[in-house]
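Got a structure for you, questions after.
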Amino acid sequence: MLRLHDTASREVQPLTLRDEGKVSMYVCGPTVYDLPHLGHGRFTLVFDVLRRYLIFSGFEVTYVSNITDIDDNIIRRAEREGRSEAEVAKEFEGHWWDAMDALGVLRPDHTPHATEFVGSMITTISQLLERGVAYATSDGVYLETTKVEGYGLLAGQPLDSLRAGARVEENDEKRSPLDFALWKAAKPGEPLWDAPFGGGRPGWHTECVVMSLELLGEGFDLHGGGLDLKFPHHENERAQAVALGKDFAHHWTHNGWVMVEGEKMSKSLGNFTSLTDLLASADPRSYRLLVLRSHYRAPIEVTTETIADAERGLARLDSLARRLHLTSPVAPLRRSDLNGDAAVIESFCALMDDDLQTPQALALIFDLVSSANTALDEGDQERATMLGETAVGLCAALGLSVKAAHLEIDADTLALAEARDKARDEKDFAAADALRDQLTALGWVVEDTPDGTGLRREE
RNA sequence: GGCGGCGUGGCCGAGUGGUUAGGCAGAGGCCUGCAAAGCCUUGUACCCCGGUUCGAAUCCGGGCGCCGCCUCCA
């Protein structure tokens with residue numbers, strides 16, 4: 001069974017399952033008020049890899065990831081741009097899915113929107129009030145964290161230090177600085193939902209508890225997100241579940257940060273902060289490779305150099321796929337459907353089962369690439385294909401597709417290639433080289449193959 | 001202030017008490033008409049100072065440097 005780092009215990013632990021063979025996971029999604037950034041890209045890739053690997057391992061996975069479509073940032077933007085919150089949310093949710101599709105991140109099985117669950121949230125908040133663990137103030141409803149058993153578990157810090165660092169707010173009705181809003185009373189002009197405790201909107205931490213419990217049920221297996229969510233967001237989700245007397249997530253996993261050349265993130269330095277920009281200017285697969293190349297809990301450095309480096313690594317994979325005419329499966333691959341080098345697949349799984357050691361798993365794949373190329377050079381087509389299929393299959397297990405597909409080549413280009421073959425046959429190398437130059441100028445990379453001039457697009 | 005992480009060869013980035021990570025880039029060679037792709041070979045690496053040990057980059061102590069969280073930012 002897969003062993004994964006658990007934030008609550010701060011140890012790598014077996015992922016125990018509520019239902020045998022089935023994994024239920026909830027990953028906190030975006031608040032859609034702006035374009036997705038690199039951090040969004042990383043966490044979605046990390047958990048996409050986890051999900052795909054679980055599927056590869058034969059589990060039936062239910063993956064839930066929410067869209068927060070109402071919050072202060074959305075309200076501010078809507079106000080600034082003179083349009084509705086729903087319009088803002090819709091626009092940026094569109095950008096979100098565009099980016100996810102480009103990254104090859106599988107769509108969640110369920111994508112709850114906060115605004116669809118306000119009724120359930122109101123019910124939940126009422127229950128917390130009834131239980132005496134929440135209280136109303138003039139500006140909303142708060143959870144009384146001091147009444148929650150084990151508050152601070154995920155933060156991993158003594159409550160005193162959390163308290164010491166808590167922001168001093170103008171609201172002195174809060175009984176503890178750590179208490180957080182379950183419900184925010186609407187100010188004039190703000191969108192609101194009616195509730196017994198006054199019109200307003202839900203606080204951020206409430207939606208994920210309500211939606212995860214409603215869609216996955218009590219005691220679901222895994223809750224994930226970026227490192228920054230562990231406190232206060234996940235801490236506060238957990239606090240509500242505990243206060244409700246409900247069994248919440250059994251395993252907490254958080255991924256590390258994205259660094260962009262220290263703190264400088266200006267576009268003038270050539271750094272990417274918007275995922276949308278990155279995806280437009282580089283092969284989207286390069287970001288997945290970059291993410292896989294370091295451990296999911298380690299910080300990663302994203303620069304134009306590291307992206308370019310990953311793109312060249314990709315070229316090596318593509319090149320093998322091209323030599324062997326292999327293509328990646330479209331649907332998530334299962335181990336039982338992969339025929340290949342059994343020993344290597346076994347090693348791969350052992351690495352992945354040990355807290356997702358993707359860097360070593362990649363090393364294994366690149367070793368396969370070398371072996372397959374060697375076999376090809378030695379004329380052992382059968383062995384080369386077996387090794388190549390293993391490599392492509394393991395890439396698929398990580399969600400990394402290879403690009404061997406033959407491109408549509410227009411008639412003019414084809415004519416140039418044929419003319420070059422003819423010139424080469426006639427040993428007219430000056431003419432052949434001139435034709436190659438022409439093709440290069442058109443953006444093609446010319447590679448000689450046993451079948452004559454081979455063409456591929458320059459990346 | 002409290003808590004936590006990190007410092008590996010030109011770059012990125014794993015790992016480990018003694019044995020080749022891997023990728024990219026570089027050098028040499030093979031293949032090729034020449035290239036491209038591929039293959040082979042190659043690289044004095046582990047922040048500093050002590051200590052433990054037969055042996056430490058890996059363990060312990062100290063130092064230096066960098067970073068994050070403690071603020072509804074993934």
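To find a chain, count down the sequence lines: A is the first, B the second, and so on, and within it residues start at 1.
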> Only one of A/Trp204, A/Trp193, A/Phe197 clears ring-ring contact (aromatic ring centres under 6.0 Å, His included) with A/Trp183; which?
Replying inline: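 Among A/Trp204, A/Trp193, A/Phe197, the one meeting ring-ring contact (aromatic ring centres under 6.0 Å, His included) with A/Trp183 is A/Phe197.
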> Would A/Glu190 and A/Lys184 pass as an ion pair if we require N to O under 4.0 Å?
Replying inline: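 No, this pair does not count.
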> Quick one: do A/Arg201 and A/Asp72 make a salt bridge, cutoff under 4.0 Å?
Replying inline: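 A/Asp72 and A/Arg201: salt-bridged.
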> Does the A/Asp421 side chain pair with the main chain of A/Thr453, one donor and one acceptor, at a distance under 3.5 Å?
Replying inline: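 Yes; at least one donor-acceptor contact below 3.5 Å.
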>> Does B/C39 have OP1 or OP2 under 4.0 Å away from a side-chain N or O of A/Ser370?
In response: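 Affirmative; the distance criterion is met.
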> Taking for each residue the nucleotide of RNA chain B bearing the nearest heavy atom, is the 5' side occupied by A/Ala308 or by A/Cys28?
Replying inline: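 Nearer the 5' end of the strand: A/Ala308.
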>> Could you check, using the six-membered ring where one of them is a Trp, whether A/Tyr63 and A/Tyr26 have ring centers closer than 6.0 angstrom?
In response: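 Ring centres of A/Tyr26 and A/Tyr63 not closer than 6.0 Å.
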> Roughly, in whole Å, what's the span from CG in A/Asn73 to C1' in B/U71?
Replying inline: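 After rounding, the reported distance stands at 14 Å.
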>> Strictly below 4.0 Å: does A/Arg316 bring a side-chain N or O up to OP1 or OP2 of B/C39?
In response: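 Looking at the OP1 and OP2 atoms of B/C39, one of them is under 4.0 Å from a side-chain N or O of A/Arg316.
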> Does B/A45 pair with anything, Watson-Crick or G-U wobble, both distances under 3.5 Å, and if so, with which nucleotide?
Replying inline: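 Partner of B/A45: none found under 3.5 Å.
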>> What is the separation between atom CZ on A/Phe366 and atom P on B/C39, rounded to the nearest whole Å?
In response: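 Rounded to whole Å, this separation is 11 Å.
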> Between B/A37, B/G22, B/C73, which one does the side chain of A/Arg323 approach most closely?
Replying inline: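 The listed nucleotide nearest to A/Arg323's side chain is B/A37.
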> Looking for any heavy atom pair under 4.0 Å, which part of the strands does A/Asp72 touch: base, sugar-phosphate only, or nothing?
Replying inline: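 No contact.
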>> B/C39, OP1 or OP2 - any side-chain N/O from A/Asn373 closer than 4.0 Å?
In response: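 For B/C39, OP1/OP2 do have a side-chain N/O of A/Asn373 under 4.0 Å.
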>> Whole angstroms only, please: what is the CG-P distance between A/Leu229 and B/C70?
In response: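 Rounded to the whole Å, the gap is 11 Å.
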> What interatomic distance, in whole Å, is found between C1' of B/A25 and the corresponding atom of B/G9?
Replying inline: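 Going atom to atom, C1' in each nucleotide, I get 13 Å.
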> Roughly how far apart, to the nearest Å, are B/U20 and B/G29 at atom P?
Replying inline: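 Their P atoms lie roughly 27 Å apart.
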> How far, in whole Å, is B/C47 from B/C6 if one measures between their C1' atoms?
Replying inline: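 11 Å, rounded to whole Å.
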>> Please report the distance, rounded to the nearest Å, between CD1 in A/Ile75 and P in B/C72.
In response: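 These atoms are roughly 16 Å apart.
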> With sugar-phosphate meaning primed atoms plus P, OP1 and OP2, does A/Pro30 contact a base, only sugar-phosphate, or nothing at under 4.0 Å between heavy atoms?
Replying inline: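 No contact.
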>> Please give the distance between the P atoms of B/C72 and B/G62 as a whole number of Å.
In response: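 It comes out at 34 Å once rounded to the nearest Å.
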>> Need the pair for B/A37. Rule: Watson-Crick or G-U wobble, both distances under 3.5 Å, any strand; none if unpaired.
In response: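 For B/A37, the partner nucleotide comes out as none, under the 3.5 Å rule.
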> Taking the C1' atom of each, how far is B/U19 from B/A57, in whole Å?
Replying inline: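 After rounding to an integer number of Å, I get 15 Å for this pair.
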> To the side chain of A/Trp204, which of B/G22, B/A37, B/C72 is closest?
Replying inline: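 Shortest atom-to-atom distance from the side chain points to B/C72.
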> Across all strands, who's sitting opposite B/C24 as a Watson-Crick or G-U wobble pair, both distances under 3.5 Å?
Replying inline: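 Across any shown strand, B/C24 pairs with B/G10.
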> Say you pick atom P in B/G26 and the same atom in B/C59; how far apart are they, in whole Å?
Replying inline: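 It comes out at 35 Å once rounded to the nearest Å.
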> If we call it a pair only when both distances are under 3.5 Å in a Watson-Crick or G-U wobble match, what pairs with B/C69?
Replying inline: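 Base-paired to B/G2.
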>> Could you tell me the Watson-Crick or G-U partner of B/U53, where both distances fall under 3.5 Å? Say none if there is no partner.
In response: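 Per the H-bond distance test, none.
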>> Between A/Arg456 and A/Asp318, is the salt bridge (charged side-chain N to carboxylate O under 4.0 Å, His left out) condition met? List the steps.
In response: CA-CA 11 Å; A/Arg456 67 186 160 93; A/Asp318 289 343; over 6 Å; no
> Using a cut-off of 4.0 Å between protein heavy atoms and nucleotide atoms, how would you tag nucleotides 4-18 of chain B 5' to 3' with B, S and -?
Replying inline: --------SSSS---
>> Output one letter per nucleotide in nucleotides 28-34 of chain B: B when a protein non-hydrogen atom lies under 4.0 Å from the base, S when only the sugar-phosphate is that close, - when neither is.
In response: -----BB
> Expressed as a whole number of Å, how far does the P atom of B/G63 sit from that of B/A21?
Replying inline: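 Taking atom P in both B/G63 and B/A21, they lie 32 Å apart.
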> Who does B/G17 pair with, Watson-Crick or G-U, both distances under 3.5 Å?
Replying inline: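 In the structure as shown, B/G17 has no Watson-Crick or wobble partner.
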> Using the P atom in both, what is the distance from B/C46 to B/U8, to the nearest Å?
Replying inline: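 Per the computed distance, 10 Å lies between those P atoms.
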> Do A/Asn66 and A/Thr68 meet the criterion of a side-chain donor-acceptor pair at a distance under 3.5 Å?
Replying inline: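 Yes, side-chain donor-acceptor contact under 3.5 Å.
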>> Closer than 4.0 angstrom, basic N to acidic O: yes or no for A/Arg51 and A/Asp109?
In response: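 Looking at A/Arg51 and A/Asp109, the cut-off is met.
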> Over how many whole Å does the gap from A/Phe180 atom CZ to B/U71 atom C1' extend?
Replying inline: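 It works out to 15 Å between those atoms.
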> Residues in ring pair (Phe, Tyr, Trp, His ring centres under 6.0 Å) with A/Tyr53, at least two apart?
Replying inline: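 Listed in chain order: nothing, the list is empty.
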>> Over all strands shown, is A/Gly29 touching base, sugar-phosphate only, or nothing at heavy-atom distances under 4.0 angstrom?
In response: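 A/Gly29: no heavy atom of the nucleic acid under 4.0 Å.
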>> Salt bridge check, A/Glu418 against A/Lys422: does any charged N sit closer than 4.0 Å to a carboxylate O?
In response: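 The answer is no: the pair does not qualify as a salt bridge.
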>> Using whole Å, what does the distance between atom P of nucleotide B/A37 and atom CD of A/Glu447 come to?
In response: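 Atom CD in A/Glu447 sits about 7 Å away from atom P in B/A37.
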> Ignoring hydrogens and angles, does a donor from either the side chain of A/Lys230 or the base of B/C70 sit under 3.5 Å from an acceptor on the other?
Replying inline: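 Checked by distance alone, the answer is no.
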>> Among B/A74, B/C70, B/C72, which nucleotide has an atom closest to any side-chain atom of A/Phe231?
In response: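 Output: B/C70.
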>> Salt bridge or not between A/Asp448 and A/Arg436? Use side-chain N to carboxylate O under 4.0 Å.
In response: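 Result for this pair is no, no salt bridge flagged.
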> What is the distance from CG of A/Leu227 to P of B/G68, rounded to the nearest Å?
Replying inline: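 Interatomic distance, CG of A/Leu227 to P of B/G68: 12 Å.
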> How is A/Arg42 classified with respect to the nucleic acid when contacts are heavy atoms under 4.0 Å: base, sugar-phosphate, or nothing?
Replying inline: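 Nothing, no heavy atom under 4.0 Å.
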> Within the distance-only criterion (no hydrogens, no angle test), does the side chain of A/Gln240 pair as donor or acceptor with the backbone N or O of A/Val209 below 3.5 angstrom?
Replying inline: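 Not at all, since once roles are kept as given, no pair shorter than 3.5 Å links the two residues.
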> Rounded to whole angstrom units, what separation is found between the CG atom of A/Leu362 and the P atom of B/A21?
Replying inline: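 It is 17 Å, rounded to the nearest whole Å.
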